[in-house]
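Below you'll find the structure, written out as structure tokens, and then a few comments.
Each ligand, and each atom within it, is numbered from 1 in the order the structure gives. Computed over heavy atoms, backbone and side chain alike; hydrogens, waters and symmetry mates excluded. Here, residue 1 is the first one in the sequence, and each next residue gets the next number.
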Amino acid sequence: MRADIQEILLDEEALEKRVSELGAKISEEYFGKNPILIGILKGSAVFLSDLMRKITIPVEIDFLKASSYGSAAQSCGVVQLENDLSIEVKNRTIILVEDIVDTGNTVKYLLERFSGLGAADVKICSLLNKKGRREQIVAPDYIGFEIPNAFVVGYGLDYAQKYRNLPYIGILKKEIYQ
Ligand code: 5GP
């Protein structure tokens with residue numbers, strides 16, 4: 001798999017350090033609020049599992065499966081939800097945990113959906129932020145790293161379901177997906 005990676009952007013040490021910082025910040029800012037962390041599958045699975053263990057206050061966990069990519073490296077723009085939540089969100093404090101915000105279509109859709117369901121407060125925590133390709137005016141409230149406009153894989157992020165188990169985040173060689 002390493003041979004398919006053009007460059008390692010974020011190594012294990014950098015990821016561990018930043019995720020710890022985010023966990024500490026969320027623990028401080030959400031003290032007494034009993035938030036629900038909602039992981040957007042499948043990409044945020046690794047981030048969420050590391051992040052939740054760095055949070056020292058009580059939290060609940062749930063998952064949504066959203067997709068806008070199919071098996072391509074370009075978003076098709078249409079967000080699809082493939083399951084629903086098991087926890088009631090009305091009047092609750094929500095933190096949406098994303099792997100990456102790119103066009104912004106996914107988080108825009110989810111923000112509207114949770115407002116519609118009567119959540120008291122909805123914030124976005126995204127490990128990566130790729131501002132260069134925004135189609136919606138949305139900004140994550142918590143950001144792990146700003147990254148350039150490149151297609152990245154690893155630490156939960158895939159290309160055609162591969163590379164999620166890489167322990168680092170790297171730029172995928174163009175010849176793999178072009
Ligand atoms: P958006 O709706 O903001 O365009 O994209 C959200 C989803 O697209 C992310 O949760 C992620 O699954 C996927 N995505 C966006 N950029 C990348 C990328 O560089 N690499 C991978 N593997 N997925 C991406």
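- In this structure, Glu21 does not pair ionically with Lys25, as no charged nitrogen and carboxylate oxygen lie closer than 4.0 Å.
- Put simply, part of Phe151 is less than 4.0 Å from ligand 1, judged by heavy atoms.
- Not a single heavy atom of Gly43 sits less than 4.0 Å from an atom of ligand 1.
- Evaluation of the side chain to side chain donor-acceptor pair (under 3.5 Å) rule for Tyr163 yields Asp4 as partners, not counting sequence neighbours.
- The side-chain hydrogen bond (donor to acceptor under 3.5 Å, both in side chains) contacts involving residues 34-44 comprise Asn34-Glu60, Lys42-Gln161, where partners must be two or more places apart or lie in separate chains.
- Remark: aromatic rings of Tyr168 and Tyr155 are distant, center separation not under 6.0 Å.
- On a distance-only criterion, Val152 and ligand 1 share at least one N/O pair closer than 3.5 Å.
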Decide yes or no on side-chain contact (heavy atoms from CB on, under 4.5 Å) for Leu85 and Ile36, but give the supporting numbers first. CA-CA 11 Å; Leu85 294 172; Ile36 311 173; over 6 Å; no
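- When only interatomic distances are considered, the shortest N/O to N/O separation between Leu157 and ligand 1 does not fall below 3.5 Å.
- Residue-level proximity to ligand 1 for Ile100 is carried by backbone and side chain together, each with a heavy atom below 4.0 angstrom.
- Numbered from 1 in the order shown, with element, the atoms of ligand 1 that lie under 4.0 Å from a heavy atom of Gly104 read 1 (P), 3 (O), 4 (O).
- Each of the following atoms of ligand 1 lies closer than 4.0 Å to a heavy atom of Thr106: 1 (P), 2 (O), 5 (O), 6 (C).
- Proximity of Arg133 to ligand 1, defined as any heavy-atom pair under 4.0 Å, is not found for any part of the residue.
- With a 4.0 Å heavy-atom cut-off, ligand 1 is reached by no atom of Glu135.
- Applying the 4.0 Å criterion to heavy atoms of Glu98 picks out, from ligand 1, the atoms 10 (O).
- Considering backbone and side-chain N/O of Tyr159, none are found under 3.5 Å from N/O of ligand 1.
- For the pair Lys33 and Tyr30, the cation sits on the ring face: its NZ or CZ lies under 6.0 Å from the ring centre, inside 45° of the axis.
- Using a 4.5 Å cut-off between side-chain heavy atoms of Ile, Leu, Val, Met, Phe, Trp and Tyr, with links allowed through other members, Leu81 and Val101 fall into the same hydrophobic cluster.
- The closest approach between a heavy atom of Ala150 and any atom of ligand 1 is below 4.0 Å.
- Side-chain atoms of Tyr109 and Gln136 include no donor-acceptor pair closer than 3.5 Å.
- Under a 4.0 Å heavy-atom criterion, Ile40 is not in contact with ligand 1.
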Where do Leu128 and Asp99 land on the side-chain contact (heavy atoms from CB on, under 4.5 Å) test, with the steps shown first? CA-CA 6 Å; Leu128 306 175; Asp99 50 356; over 6 Å; no
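- Distances below 4.0 Å separate heavy atoms of Asp158 from the following atoms of ligand 1: 21 (C), 22 (N).
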